[in-house]
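Worksheet for the structure shown next.
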Amino acid sequence: MSLSIRNQIPGTVTSVTPGEVMATVRLRLDGGQDLTAAITLEAVKDLGLAEGSAVRAMMKATEVALATGPVTGLSIRNRLPGTVSDVALGGAMATVKVSIDGGELTSAVTRDAVTDLGLAPGSPVVALIKSTEVSLASV
């Protein structure tokens, strides 16, 4: 199956914490970073997720926010440090490619955000992704 989601990063489940309807699934990405996904219990069961399961974490480029430094006082759990590798500007929007340990993320942001943050190849950034915006696929 081919998907339009550009951000697909391999990892391994380190824990599953079930709730009444949802579960948090923690994983270790192949680059060594930790990531949390909040998915339904039904999805956990359907995918057969347990500690040690190989997965692919997926997130749309529009759900990857960027910061130019560490962020505090924020509920977003997933904070992946990286370096801008490419910026493609459009009329109103831009795509920013970010190299992280073990992979690459693409973020879709406004052209104004690129200018305001001074994003250019080589810029250090932190990719911010809400756990509810991370989808998982078993591999």
hydrophobic_cluster_shared for Leu105 and Met93, side chain cutoff 4.5 Å: no
Minimum side-chain heavy-atom gap Ile39-Val44 below 4.5 Å: yes
Close side-chain approach of Ile9 to Asp30, heavy-atom, < 4.5 Å: no
Over all atoms of both residues, closest heavy-atom pair of Ala67 and Val71: CB-CG2, 3.6 Å
Pairing residues for Thr115 by the side chain to side chain contact (heavy atoms under 4.5 Å, CB included) criterion, not counting sequence neighbours: none
Could you tabulate the donor-acceptor pairs under 3.5 Å formed by side-chain atoms of residues 16-26, not counting sequence neighbours?
none

What donor-acceptor contacts under 3.5 angstrom involve side-chain atoms of residues 50-62, with partners at least two apart or in another chain?
unit_1: Ser53; atom_1: OG; unit_2: Ala50; atom_2: N; d: 2.9
unit_1: Ser53; atom_1: OG; unit_2: Ala50; atom_2: O; d: 2.8
unit_1: Arg56; atom_1: NH1; unit_2: Gln8; atom_2: O; d: 3.4

Spacing of OG1 belonging to Thr14 relative to CG belonging to Leu29, to within rounding of 0.5 Å: 10.0 Å
For residues 80-92, tabulate all N or O donor-acceptor pairs below 3.5 Å that involve a side-chain atom, not counting sequence neighbours.
unit_1: Ser85; atom_1: OG; unit_2: Lys97; atom_2: O; d: 3.3
unit_1: Ser85; atom_1: OG; unit_2: Glu104; atom_2: OE2; d: 3.2

Partners meeting salt bridge (charged side-chain N to carboxylate O under 4.0 Å, His left out) with Arg28 (sequence neighbours left out): Asp34
Spacing of Arg77 atom CZ and Leu35 atom CG [to the nearest 0.5 Å]: 12.5 Å
Show the atom names and distances, to 0.1 Å, of all donor-acceptor pairs under 3.5 Å that link a side chain in residues 120-139 to residues at least two apart or in another chain.
unit_1: Ser123; atom_1: OG; unit_2: Ala120; atom_2: N; d: 3.0
unit_1: Ser123; atom_1: OG; unit_2: Ala120; atom_2: O; d: 2.8

Hydrophobic cluster identity match, Leu117 and Ile100, side-chain contacts under 4.5 Å: yes
